[in-house]
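The structure under discussion appears below in the form of structure tokens.
Because the structure is predicted, anything quoted here is derived from the model rather than measured. All residue numbers refer to positions in the sequence shown, counting from 1.
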Amino acid sequence: MDWKLELVSVPVADVDRAKAFYTEKIGFNADHDYQVTDELRFVQLTPPGSACSIAIGTGMPQAEPGSVRGLQVVVADVAAARAELVDRGVEVSEVQDFAWGSFVFFDDPDGNGWALQQLPDRG
């Protein structure tokens with residue numbers, strides 16, 4: 001039996017600001033934006049090529065905005081991904097190299113922490 005993680009909730013204070021950041025600055029696809037009731041809005045965003053999405057919204061049980069740390073997206077070329085983010089106006093760290101991969105780090109407008117990882121060669 002496969003167990004697939006396909007949705008992670010990311011707590012944000014302002015859904016429209018967060019949606020704009022993730023779609024316009026980071027390049028995620030906006031899959032759904034549904035106002036269920038006056039109190040409940042569900043927005044699903046997916047990184048290009050990913051099987052896992054994030055959910056932001058209102059009226060959903062969630063942690064304090066900005067409290068999620070360590071979200072990680074794997075990319076083929078971390079330097080190129082970093083350059084794209086810089087061109088889009090995202091404040092992102094320099095590339096940091098470790099034995100387990102190369103990384104850049106950034107926060108969303110609420111302070112949720114993200115990493116882009118390029119896996120090391122396995123050859």
| task | For the pair L7 and C52, evaluate side chain to side chain contact (heavy atoms under 4.5 Å, CB included) and give the outcome as yes or no after the intermediate values. | result | CA-CA 5 Å; L7 188 67; C52 188; 5.8 Å; no
| How long is the span from the CD1 atom in I26 to the CG atom in D108, to the nearest 0.5 Å? | 8.5 Å
| message | Can a donor-acceptor pair be found, under 3.5 Å and without considering hydrogens, that links the side chain of Q35 to the backbone of T37? | response | yes
| Between atom CD of E91 and atom NZ of K25, what is the distance when rounded to the nearest 0.5 Å? | 9.5 Å
| message | To the nearest 0.5 Å, what is the distance between NZ on K19 and CD1 on I54? | response | 12.0 Å
| query | Any link between F98 and V104 through a network of hydrophobic side chains (Ile, Leu, Val, Met, Phe, Trp, Tyr) touching at under 4.5 Å? | reply | no
| said: Between V15 and R41, does the side chain to side chain contact (heavy atoms under 4.5 Å, CB included) criterion hold? Intermediate values first, please. | reply: CA-CA 9 Å; V15 177; R41 179 179 175 192; 3.6 Å; yes
| Whether D33 side chain and V43 backbone form a donor-acceptor pair below 3.5 Å | no
| said: Within this structure, what is the CZ-CD1 distance for the pair F21 and I56, rounded to the nearest 0.5 Å? | reply: 11.0 Å
| task | Flag the pair L116 / L85 as yes when at least one side-chain heavy-atom distance between them is below 4.5 Å, and no otherwise. | result | yes
| Is the closest side-chain donor-acceptor distance between D97 and S102 under 3.5 Å? | yes
| Mind checking what makes side chain to side chain contact (heavy atoms under 4.5 Å, CB included) contact with P11, not counting sequence neighbours? | Q62, A63, S67, V68, N112
| request: Evaluate the side-chain proximity of Y34 to L40: yes if any heavy-atom separation is below 4.5 Å, no if none is. | output: no
| field | Same cluster (ILVMFWY, side-chain, under 4.5 Å), V90 and V95 | value | yes
| query | When the ring planes of F28 and W114 are compared, do they come out parallel, tilted or perpendicular, using 30° and 60° as the limits? | reply | perpendicular
| query | Between L71 and V78, is there a shared hydrophobic cluster once you connect ILVMFWY residues whose side-chain heavy atoms come closer than 4.5 Å? | reply | yes
| remark: Rounded to the nearest 0.5 angstrom, the CD-CZ distance for E94 and R82 is 4.0 Å
| request: Please check if atom CG in D87 has more than 12 non-hydrogen atoms from other residues, nucleotides or ligands closer than 6.0 Å. | output: yes
| field | Closest approach of L45 to A30 (non-hydrogen atoms, all atoms of both residues) | value | CD2-CA, 3.7 Å
| query | Do V73 and V12 sit in the same hydrophobic cluster, where Ile, Leu, Val, Met, Phe, Trp and Tyr count as joined when their side-chain heavy atoms come under 4.5 Å apart? | reply | yes
| So do L119 and W100 actually touch side chain to side chain, heavy atoms under 4.5 Å? | no
| task | Indicate the atoms forming the closest heavy-atom contact of P109 with R17, along with that distance. | result | CB-NE, 3.5 Å
| What pair of heavy atoms forms the shortest contact from F103 to A115, and how long is it? | CD2-CB, 4.2 Å
| said: Please give me the minimum heavy-atom distance between N29 and P48, naming the atom from each residue. | reply: ND2-CA, 4.0 Å
| task | Of all the heavy-atom pairs spanning D31 and S53, show the shortest one and how long it is. | result | OD2-OG, 3.8 Å
| query | Which heavy-atom pair separates G113 from D107 by the least distance, and what is that distance? | reply | CA-OD1, 3.3 Å
| task | Kindly assign one of parallel, tilted or perpendicular to the pair F42 and H32, based on the angle between their ring planes and the thresholds 30° and 60°. | result | tilted
| task | With rounding to the nearest 0.5 Å, note down the distance linking CZ in F105 to CD in Q72. | result | 7.5 Å
